Amino acid sequence: MHKSKVSVLVLLLVLTIERILAQNPIIRDLFTADPAPLVYNDTLFLYTGHDTASIDATNYKMPDWYVFSTSDMVNWTNHGVCLSPKTFSWATGDAYAAQCVFRNGKFFWYVSTFHQNNENSKGGAAIGVAVSERPNGPFKDAIGKALIVNEMTTDMKHSWDDIDPTVFIDENNKAYLFWGNGSCKWVRLKENMVEIEDTIQTFIPKNFIEGPWVYQRNGLYYLVYAGAGNKPEMIEYCTAESPEGPWTYKGIIADNAPNSFTIHPGIIDYKNKTYFFYHNGLLPTGGSYRRSICVDYMYYNPDGTIQKVVQTNVGVKPEN
Ligand code: CA
């Protein structure tokens with residue numbers, strides 16, 4: 001065989017092996033978006049949306065939410081559809097971004113979808129909460145109505161500003177719900193996790209678009225979100241001394257995701273490493289409405305600031 005042909009074959013072999021070893025995207029047999037990780041009993045559970053739009057679609061089609069789990073960061077168990085907007089009698093819309101948290105022996109899954117036009121709302125985006133005693137369900141509507149409806153916030157003119165819930169439980173057991181598109185809204189939740197405690201507050205972190213993710217580390221509070229305005233989204237963040245702010249802008253964590261207009265953060269510590277979940281459009285036939293969840297390492301500087309995440313095809317290594 002000619003020497004150059006051998007070189008080409010060797011190159012193809014190397015590329016194929018790299019492809020087989022590559023962990024990202026981590027879910028390859030369906031399109032998934034909006035990752036929300038949760039660690040429970042040494043297992044990492046990943047709550048996701050599900051893209052089913054056709055290849056030429058110009059909008060989202062997201063019928064349900066999935067749960068996956070892993071104990072080694074590379075082998076994932078698919079628990080299937082564990083919740084859909086059909087679970088909520090008041091919902092009409094798609095299954096947009098969501099996050100599940102554990103408290104008082106129960107799993108509370110906060111979701112964004114759209115509301116019917118009825119006595120509780122004239123429609124628009126709304127946030128519901130489902131509850132289960134197990135991380136992968138069965139989940140039921142915790143309150144039989146939306147927790148947040150569009151009319152409860154009026155700072156934005158569009159009817160879909162009440163999306164993308166994230167819930168954070170502080171060390172003093174105060175629980176906070178953050179959410180929003182266009183502006184970031186937050187409110188304390190009662191200990192039952194299904195009622196708001198007081199008045200909804202609204203603010204606009206620098207470049208904020210949507211998709212907040214709030215957590216605390218070493219006494220510092222982090223508000224991570226999708227930002228950047230009229231170009232593909234990036235992930236940016238603020239920090240604060242309290243979950244009630246004031247928040248200080250700290251910069252960009254992740255650049256635009258390849259082949260996807262949106263990107264969405266889910267950050268968690270697991271087995272002594274920090275993981276950054278997000279989505280891109282890199283599966284074959286993927287795109288902005290056919291996204292795929294990925295995970296890469298995230299690193300902190302000694303002062304608590306976050307190093308920029310390197311988005312890779314290789315992804316992360318197995319953990320015991
Ligand atoms: Ca609103």
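Keep in mind that the numbers below use all heavy atoms, side chains included, and drop hydrogens, waters and symmetry copies. This is a predicted model, so every value here is computed, not measured. One-based numbering, in listed order, for ligands and for the atoms of each.
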Transitive ILVMFWY side-chain link Leu38 to Phe276, under 4.5 Å: no

Return yes when atom NZ of Lys122 has more than 12 non-hydrogen atoms of other residues, nucleotides or ligands closer than 6.0 Å, and no otherwise. no

I'd like the atom name of the N/O/S atom in Asp161 lying closest to the Ca ion (ligand 1). OD1

Any chain of hydrophobic side-chain contacts (each under 4.5 Å) joining Phe208 to Trp186? yes

Could you walk me through whether Met62 and Tyr96 pass side chain to side chain contact (heavy atoms under 4.5 Å, CB included), step by step? CA-CA 7 Å; Met62 305 183 74; Tyr96 295 129; 3.8 Å; yes

Asp155 backbone or side-chain N/O/S under 3.0 Å from the Ca ion (ligand 1): no

With the Ca ion (ligand 1) at the apex, how many degrees lie between O of Asn150 and O of Thr153, rounded to 10 degrees? 60°

Closest to the Ca ion (ligand 1), which N/O/S atom of Asp162 is it? OD2

